[in-house]
Amino acid sequence: MFRKRHPQVGAAPGTLVIPEDAPPPRIRQILYSVDGMHVDRRIDDLDDLEEAPGSGVSWVDVQGFGDERLLVELAEIYGLHPLLLEDVVNVPQRSKVELHDDNLLIVLRMVKVGDDAEITIEQVGIVLGEDYVLTFQEKYGDVFDPIRKRITAGHRRFKEKQADYLAYAIADSIIDHYYPALEVLGERLEDLEEEAVATPTTTVLQKIHHMKNRLLNLRRALWPQREALHSMVWEPNTLVGEEVRLHLRDTYDHCVQTTEVIEMYRDMISGMLNTYLSSMANRTNEIMRVLTIVSTIFIPMSFLAGVYGMNFKDMPELKWPWGYPMFWMIVTFLAIGMLFFFGHKGWLHPQDHKQDEPE
Amino acid sequence: MFRKRHPQVGAAPGTLVIPEDAPPPRIRQILYSVDGMHVDRRIDDLDDLEEAPGSGVSWVDVQGFGDERLLVELAEIYGLHPLLLEDVVNVPQRSKVELHDDNLLIVLRMVKVGDDAEITIEQVGIVLGEDYVLTFQEKYGDVFDPIRKRITAGHRRFKEKQADYLAYAIADSIIDHYYPALEVLGERLEDLEEEAVATPTTTVLQKIHHMKNRLLNLRRALWPQREALHSMVWEPNTLVGEEVRLHLRDTYDHCVQTTEVIEMYRDMISGMLNTYLSSMANRTNEIMRVLTIVSTIFIPMSFLAGVYGMNFKDMPELKWPWGYPMFWMIVTFLAIGMLFFFGHKGWLHPQDHKQDEPE
Amino acid sequence: MFRKRHPQVGAAPGTLVIPEDAPPPRIRQILYSVDGMHVDRRIDDLDDLEEAPGSGVSWVDVQGFGDERLLVELAEIYGLHPLLLEDVVNVPQRSKVELHDDNLLIVLRMVKVGDDAEITIEQVGIVLGEDYVLTFQEKYGDVFDPIRKRITAGHRRFKEKQADYLAYAIADSIIDHYYPALEVLGERLEDLEEEAVATPTTTVLQKIHHMKNRLLNLRRALWPQREALHSMVWEPNTLVGEEVRLHLRDTYDHCVQTTEVIEMYRDMISGMLNTYLSSMANRTNEIMRVLTIVSTIFIPMSFLAGVYGMNFKDMPELKWPWGYPMFWMIVTFLAIGMLFFFGHKGWLHPQDHKQDEPE
Amino acid sequence: MFRKRHPQVGAAPGTLVIPEDAPPPRIRQILYSVDGMHVDRRIDDLDDLEEAPGSGVSWVDVQGFGDERLLVELAEIYGLHPLLLEDVVNVPQRSKVELHDDNLLIVLRMVKVGDDAEITIEQVGIVLGEDYVLTFQEKYGDVFDPIRKRITAGHRRFKEKQADYLAYAIADSIIDHYYPALEVLGERLEDLEEEAVATPTTTVLQKIHHMKNRLLNLRRALWPQREALHSMVWEPNTLVGEEVRLHLRDTYDHCVQTTEVIEMYRDMISGMLNTYLSSMANRTNEIMRVLTIVSTIFIPMSFLAGVYGMNFKDMPELKWPWGYPMFWMIVTFLAIGMLFFFGHKGWLHPQDHKQDEPE
Amino acid sequence: MFRKRHPQVGAAPGTLVIPEDAPPPRIRQILYSVDGMHVDRRIDDLDDLEEAPGSGVSWVDVQGFGDERLLVELAEIYGLHPLLLEDVVNVPQRSKVELHDDNLLIVLRMVKVGDDAEITIEQVGIVLGEDYVLTFQEKYGDVFDPIRKRITAGHRRFKEKQADYLAYAIADSIIDHYYPALEVLGERLEDLEEEAVATPTTTVLQKIHHMKNRLLNLRRALWPQREALHSMVWEPNTLVGEEVRLHLRDTYDHCVQTTEVIEMYRDMISGMLNTYLSSMANRTNEIMRVLTIVSTIFIPMSFLAGVYGMNFKDMPELKWPWGYPMFWMIVTFLAIGMLFFFGHKGWLHPQDHKQDEPE
């Protein structure tokens with residue numbers, strides 16, 4: 001539930017920590033410029049990387065960290081500070097925006113909703129330079145295909161913009177993907193609420209707590225992101241232009257909205273705990289009620305049967321010709337009286353929570 | 001419970017998202033100026049829109065977003081930034097106040113209390129320009145008729161003011177409508193509290209949680225609004241004059257009051273949860289009490305009946321002439337003693353919470 | 001539980017809202033100056049209002065808002081802004097301190113403890129001008145008599161001071177009256193705590209929640225007051241002198257103290273809820289204990305009686321001469337053994353919470 | 001539980017409120033200077049007060065406020081502002097540090113741990129002037145003897161310092177005395193925790209709440225003190241030198257530590273409430289278990305005894321020669337089976353919480 | 001649970017408090033410089049301490065405070081302020097960063113995970129000077145061996161740096177050691193959660209509270225550390241260079257991460273309390289269910305047996321030839337009917353929480 005790939009204690013800072021089973025890097029460069037020029041290719045040898053054309057932008061996307069030498073080499077080509085490289089490779093780091101001389105490091109968390117509605121969180125490191133954007137992802141697969149398509153499709157609007165606009169588009173795409181994830185969680189919450197009423201077992205309670213922990217994790221991912229985007233909008237630097245900041249304000253607003261939804265979900269979870277406890281107490285009540293009804297009906301009747309089982313020499317009732325039928329009349333009368341009493345108390349009706357629906 | 005009309009991920013920012021069933025726009029322009037001039041008409045063709053006269057104000061109200069082309073055209077006429085247009089059309093956005101070059105975007109949440117006391121929340125986008133105010137509403141129907149009436153009625157006071165005063169009047173009207181909504185909620189809360197005492201079923205608990213979620217939603221709508229109004233009062237810009245800011249301070253105060261009432265309601269809800277749980281525990285107590293009273297009265301009596309049902313050869317009591325009446329005397333005495341004991345414990349009285357009224 | 005006299009929605013700001021049954025205004029003017037001069041009279045006609053003498057102060061106190069025309073006229077005489085007049089007449093407003101050109105508006109909440117220890121909250125609007133103080137109260141009766149007495153009694157110390165000192169004296173008097181109110185509430189809290197232990201009924205729970213709501217209301221009244229006084233001490237303006245600010249710092253300190261007491265009371269209330277729930281659980285325990293003791297003593301005895309009521313042909317015990325007395329010996333022994341067992345468990349002693357006193 | 005010696009409402013500010021039974025003031029002046037000079041004497045007549053020698057310091061300690069005239073006279077001698085005098089005499093005030101022209105008022109709370117480990121809180125008003133320190137205490141007895149001893153013992157280090165160092169030493173001594181008080185409370189908390197497990201009566205709950213209230217009171221005393229010390233360290237004034245500020249930073253750190261311990265204690269208290277409720281629920285469980293075991297063992301056996309007590313004409317078992325012993329065998333077998341069942345459920349073992357110790 | 005080695009109250013500030021059983025100091029000096037020079041030796045006599053060479057660094061590590069004279073002497077050699085010495089010797093102090101003229105005091109908390117996974121917290125005082133670093137530890141043994149190894153191993157990178165880099169490396173190493181400690185705690189939390197479901201005894205509750213207190217202690221250690229590191233990164237001073245501040249930003253990020261994990265753990269603990277209470281309620285339910293099933297099955301059967309044990313003269317059923325078998329048929333039928341009823345209610349199945357696993 002908690003993991004950090006930290007270097008050996010005391011190791012020199014800047015040391016990269018790459019797990020054994022890290023997949024080998026797949027590098028892809030996209031170049032485009034306002035005059036319509038457009039290149040998109042897989043890079044196997046770093047020497048093939050090209051510089052961005054005059055007024056164009058170069059986007060280098062690295063997926064998989066399984067080759068330390070290659071990452072260091074790439075960092076050298078773009079003049080990245082060793083600490084910056086550490087931040088994008090030794091995941092997970094807190095989301096943040098940091099200015100390093102010539103480039104801006106943006107660390108965000110991308111959520112992906114899998115086919116089985118499972119939500120995974122992955123770090124994306126974005127490095128914004130004068131005319132390039134580097135993105136670093138630990139695993140293959142991302143949520144940026146629509147952006148690539150917009151570039152490829154030759155939207156003039158996109159190609160006119162600078163590198164900062166590309167970085168914004170990537171960040172915006174990451175934040176937008178929180179919405180479907182929140183919808184999935186919202187559906188699960190509704191299912192859980194029903195379960196909490198219908199079958200208040202400890203299993204359901206544990207599901208509720210697991211959901212709570214998942215929300216906590218999302219929240220931990222989102223809050224620093226909110227701060228990061230805030231500083232990206234408002235902190236002065238030369239890399240992010242005014243126009244892009246205007247767009248980022250929107251992205252920031254969306255990020256705030258998602259955190260608010262998470263907070264609302266957390267409130268709903270705590271409401272569910274109440275529902276759960278109440279359902280359990282209802283159960284106990286129901287069990288008690290059955291016991292009480294059966295016991296209080298039969299105990300007086302049994303007493304009377306016991307009385308007429310006594311061996312006293314002189315018990316006149318025993319000799320009455322209608323004694324035995326009268327006994328049955330009396331106990332029937334007693335039983336019916338008790339049932340009326342319980343009916344009056346409303347204890348004979350089944351739990352009403354299955355019939356009634358809340359408004 | 002949570003919805004956002006977000007464009008396809010990766011779509012160019014500024015893309016409008018208009019649902020299939022959006023009603024076609026109804027546009028209405030009101031023009032007035034200090035010299036008493038006054039026009040109010042339905043606009044079907046945007047070419048009919050007139051500029052505000054010399055020292056006058058033009059109010060263009062758009063209800064329904066079912067025609068993207070027309071909205072874009074309108075935006076072009078008034079020189080609105082594409083992001084601004086996105087903010088007013090892709091509802092819901094967080095409430096905010098944003099300065100865009102020549103105009104001020106104000107996003108607020110309007111509440112309407114329907115005939116069946118149902119509360120709906122709708123976004124109103126207000127764009128304040130030099131001499132015009134645009135309002136954007138997703139659905140037909142709003143709460144601005146009194147303002148229209150004041151303009152029509154020819155209040156000099158109104159016609160003397162600039163566009164910023166009109167924007168203020170609209171915002172003020174929106175905030176003022178929270179009061180009747182809060183009163184409706186307050187009445188429901190009182191009903192719920194009674195129910196929580198009288199019939200503590202899981203249904204009532206769910207009603208309480210639904211009410212809590214509704215308050216959470218209102219709160220989510222109000223808090224950003226409070227910030228937005230605060231920045232509208234205090235942040236410098238040339239569009240909002242000093243006199244109007246004085247009025248806005250009052251509106252802001254009212255907004256603060258409503259958030260405080262919401263907070264108070266939330267406190268009351270959590271009190272209701274306690275009442276509910278206590279009522280349930282009371283029920284269990286009552287069931288237990290009945291069981292205990294009946295059992296402890298009859299169990300010793302049954303034992304005695306069992307004793308005199310034994311077949312020992314030599315049980316002197318059985319032969320006493322007054323044996324049987326004495327048995328009845330003893331068990332009656334036992335029963336009365338038990339009743340006294342329970343009476344002393346206060347267990348014979350019914351639940352007092354239905355008689356007593358809290359002070 | 002929540003009320004706001006808001007004007008009709010969309011009405012022009014500054015519209016006064018005066019309820020039908022508002023009492024007619026009683027106006028009283030007190031004039032005094034350092035040279036001992038002193039006038040105190042009832043004003044029936046506004047033309048009778050006099051200006052403050054050279055270095056003197058004029059205090060106009062208005063109680064009851066039943067005459068809109070007169071209030072507006074008074075506002076005109078003293079040059080009050082329409083929004084200011086609205087703030088003092090359309091009660092309740094949030095406590096605040098607002099600078100309006102020539103005068104300072106101070107809105108505070110006055111608490112009065114009635115004869116039956118009932119606490120009422122009323123708004124007092126104070127308008128501080130160069131040489132006058134206006135006070136506006138919705139109902140007759142206030143807590144300022146000691147101030148009037150100090151003026152009348154001719155304390156030189158008072159008459160030397162300017163209008164700001166009078167405004168301070170009024171504010172100070174309002175804050176000081178929270179102390180007796182808090183003492184009354186403190187006594188009620190202690191009564192409630194005893195009740196919560198002795199008779200944990202739902203009625204008591206509701207009393208606790210009503211007390212909690214009352215504290216919430218007081219808190220809502222006090223917190224903005226605290227801010228208001230803070231800004232009155234620290235925000236620069238020409239109306240409040242340095243010497244008076246020194247005094248106001250003390251008043252502010254007292255206001256902080258009262259909010260702290262309220263917070264402490266709120267903590268005590270939540271403790272009471274625990275006591276209440278614990279007392280209820282104790283009750284259930286006691287009921288269960290009685291049931292368990294009686295049942296477990298008699299059930300085995302009844303079994304034995306049942307055994308010797310059987311009709312087996314050959315049951316030797318039945319023919320023993322001492323069989324019947326032995327039966328009684330055995331069941332007595334059983335009963336005593338059970339009682340020892342329960343005594344050992346500590347279940348025979350009554351609830352200890354009535355004897356023991358907490359240290 | 002809450003007390004404020006406030007003057008009559010509306011009384012002139014600066015009015016001293018001295019209770020009837022206030023002890024008469026005992027005044028003691030200590031004079032010392034760097035050249036070793038040292039005087040320590042009881043002052044009965046204020047005319048005996050001496051000024052501090054050239055580079056020396058005068059410490060006037062007043063214990064008991066039973067003589068208003070004398071206090072006012074003393075205030076005049078040292079030029080104290082009437083509001084300042086009110087703050088030190090009308091106890092309790094919030095802890096604070098206030099600059100009054102020529103002197104600095106420091107209001108702190110001193111805790112004393114009595115012989116019976118009872119903790120009392122008393123206000124100490126410290127007035128720091130150019131070359132003097134005045135201390136005001138409501139009751140006789142304080143915690144400053146070690147300071148007096150250090151002065152008397154002629155520590156050069158002490159005599160070299162100015163009045164600000166003496167004020168610091170007094171404040172430091174007050175804060176240091178919170179440590180033993182917190183240790184006493186810590187021991188009590190541990191006792192309470194044991195009680196909450198062993199005997200979960202309502203009395204214990206009330207003790208827990210009283211402890212909680214005591215912690216709340218300490219907290220109320222400490223937080224403003226923390227602020228006061230903070231402003232004493234950081235707010236510029238000419239009375240407190242740089243060297244002393246360095247020392248005060250340490251005192252401030254200690255004050256922060258004590259508030260943190262209080263917060264930790266509060267967390268422990270809330271943990272205790274859980275333990276208490278859990279112990280109570282355990283009790284109910286135990287009672288239920290006994291009832292269930294006894295009932296379920298004997299109820300089937302009683303049924304069988306009832307069966308063979310029936311008077312059907314033809315019940316073959318009754319005539320079997322081994323019928324009666326077989327009956328006993330069957331019921332014994334039933335009882336043993338039930339015991340195994342309960343043993344399997346783990347219900348036969350006593351509450352394990354008395355044997356096991358938490359790690 | 002709470003300890004402070006505070007000097008006697010009123011003692012002169014700067015007094016060292018050294019417990020009787022403090023181990024004698026072990027001093028070790030490491031010297032290194034960029035030109036590869038490197039010395040590492042045990043210092044028994046303070047006269048053996050050497051100054052750092054030209055552009056080199058001297059690291060003096062003191063473990064054990066058992067010799068006051070020696071500590072004071074060392075402080076004099078390096079010109080440490082008596083208050084600074086007090087802060088590093090009189091442990092524990094709050095974590096902080098304080099500038100004292102020529103050197104910077106950094107007080108941090110080091111955690112060590114022992115062989116038995118026991119976590120201990122120890123204070124490390126770091127004093128950073130122009131060309132030296134002093135570290136003070138109360139007990140032998142620390143977590144700095146990897147740093148010593150990096151120096152010894154002759155990493156050029158390390159030797160090029162100044163004293164501030166060494167101080168950073170030490171602080172970084174301390175923070176990095178929180179990760180394994182948090183992993184150990186995480187595992188314990190998972191164990192506890194299982195226990196809370198399986199065996200909800202008061203012992204488990206107490207373990208949960210002890211874990212909670214341990215987390216509270218860690219939190220108390222971490223939060224001031226976070227502030228300290230923050231001020232070390234951002235507060236201007238000449239001792240910490242720009243390059244090192246960049247590295248410290250990373251350390252600060254890690255510190256923030258650890259506090260976030262602690263907060264997450266605290267949330268999990270409160271979830272565990274819910275699980276615990278729910279498991280206990282489940283237990284009560286189960287006990288009740290067994291009682292109810294057995295009672296309600298046998299009570300009606302016993303009544304019937306009682307009926308046919310009555311001695312009425314004329315009970316026809318008793319004389320029927322098939323009376324006795326019919327009795328058995330009826331009671332068997334009753335019992336089966338009841339079992340169906342309970343099966344329908346789902347009361348016959350064992351607690352499902354042992355079979356089901358949460359997803």
Side-chain angles (χ1 to χ4, degrees), chain A residues 1-2 4 6-13 81 83 86-87 93-94 96 98 100 199 201-203 205-207 209-210 212-213 216-217 220 224 273 276-277 280-281 283-284 286-288 290-291 294-295 298-299 301-302 305-311 315 317-321 323-324 327 331, chain E residues 143-147 149-150 155 157-158 169 172-173 176-177 179 182-183 186 190 197 246-247 249-250 253-254 256-257 260-261 264 267-268 271 274-275 278-279 281-282 284-285 288-289 291-292 295-296 299-300 302-303 306-307 309-315 347 351-353 356-359:
Chain A
M1 60 200 169
F2 155 69
K4 204 224 147 202
H6 48 93
Q8 272 201 301
V9 174
H81 194 284
L83 281 175
E86 190 195 347
D87 277 347
Q93 299 289 329
R94 280 194 96 215
K96 58 180 168 184
E98 263 182 10
H100 284 262
T199 54
T201 59
T202 308
T203 314
L205 181 65
Q206 285 182 303
K207 277 189 199 166
H209 284 305
H210 286 210
K212 205 175 143 196
N213 288 344
L216 271 175
N217 268 328
R220 278 214 307 148
L273 280 171
Y276 170 81
L277 290 172
M280 275 198 67
R283 289 233 147 170
T284 309
E286 199 174 356
I287 292 172
M288 295 289 306
V290 168
L291 176 59
V294 172
S295 298
F298 281 98
I299 283 176
M301 284 158 66
S302 288
V307 163
Y308 294 114
M310 293 192 302
N311 297 321
M315 294 173 65
E317 297 96 322
L318 294 181
K319 285 151 200 160
W320 292 350
Y324 183 55
F327 165 81
V331 297
Chain E
V143 298
F144 305 138
D145 282 332
I147 300 177
K149 215 170 290 168
R150 272 161 68 203
H155 280 288
R157 191 160 161 205
F158 210 119
D172 190 55
S173 171
D176 268 4
H177 267 85
Y179 286 103
L182 288 176
E183 273 163 25
E190 283 180 352
V197 174
L246 205 64
H247 284 92
R249 252 158 66 176
D250 249 54
D253 275 359
H254 292 169
V256 170
Q257 263 189 327
E260 282 177 352
V261 171
M264 195 179 72
D267 262 302
M268 285 170 66
N274 278 318
T275 308
S278 156
S279 293
N282 261 341
T284 309
N285 263 11
M288 293 290 304
R289 222 165 48 209
L291 176 60
T292 303
S295 298
T296 48
I299 282 175
S302 289
F303 166 67
V307 164
M310 294 192 301
N311 296 322
F312 281 104
K313 212 173 69 188
D314 192 30
M315 293 174 65
W347 295 0
Q351 291 294 100
D352 51 358
H353 72 265
D356 301 17
E357 276 309 300
E359 43 162 340

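In what follows, chains carry the letters A, B, and so on, assigned in the order in which the sequence lines appear, proteins first and then strands, with residues in each chain numbered from 1.
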Distance from [X] atom [atom1] to [Y] atom [atom2], nearest 0.5 Å?
{"X": "Leu83(A)", "Y": "Arg249(E)", "atom1": "CG", "atom2": "CZ", "result": "9.0 Å"}
{"X": "Thr275(E)", "Y": "Leu205(A)", "atom1": "OG1", "atom2": "CG", "result": "4.5 Å"}
{"X": "Met310(A)", "Y": "Asn311(E)", "atom1": "CE", "atom2": "CG", "result": "9.5 Å"}
{"X": "Leu273(A)", "Y": "Asn274(E)", "atom1": "CG", "atom2": "CG", "result": "5.0 Å"}
{"X": "Glu286(A)", "Y": "Arg289(E)", "atom1": "CD", "atom2": "CZ", "result": "12.0 Å"}

If you count heavy-atom pairs under 4.5 Å with chain E, which of [options] comes out on top?
{"options": "Val331(A), Asp87(A), Leu291(A)", "result": "Leu291(A)"}
{"options": "Lys212(A), Glu317(A), Glu98(A), Met288(A)", "result": "Glu98(A)"}
{"options": "Lys96(A), His209(A), His100(A), Lys319(A)", "result": "His209(A)"}

Inset, instruction - Give, as side chain, backbone, both or neither, the part of Val307(A) having an atom under 4.5 angstrom from any heavy atom of chain E. - result: neither

Inset, instruction - Pick one of side chain, backbone, both or neither for Leu216(A), based on which atoms fall under 4.5 Å of a heavy atom in chain E. - result: side chain

Legend entry - Nearest atoms (heavy-atom pairs only) where Ile299(E) meets Ser302(A): O-OG, 4.4 Å

Inset, instruction - Identify the heavy atoms of Thr296(E) and Val294(A) that sit nearest to each other, and give their distance. - result: CG2-CB, 3.4 Å

Inset, instruction - Under the side chain to side chain donor-acceptor pair (under 3.5 Å) rule, collect the residues that match up with Glu260(E), sequence neighbours excluded. - result: Arg94(A)

Inset, instruction - Taking the side chain as every heavy atom from C-beta outward, state whether Leu318(A) and Met315(E) have any atom pair closer than 4.5 Å. - result: no

Legend entry - Results of ring pair (Phe, Tyr, Trp, His ring centres under 6.0 Å) for Phe298(A) - residues two or more places apart only: Phe303(E)

Legend entry - Interchain contact, Asp250(E) with chain A, by part (heavy-atom threshold 4.5 Å): side chain

Inset, instruction - Flag the one option from Ser278(E), Gly309(E), Gly306(E) with the top tally of heavy-atom pairs under 4.5 Å to chain A. - result: Ser278(E)

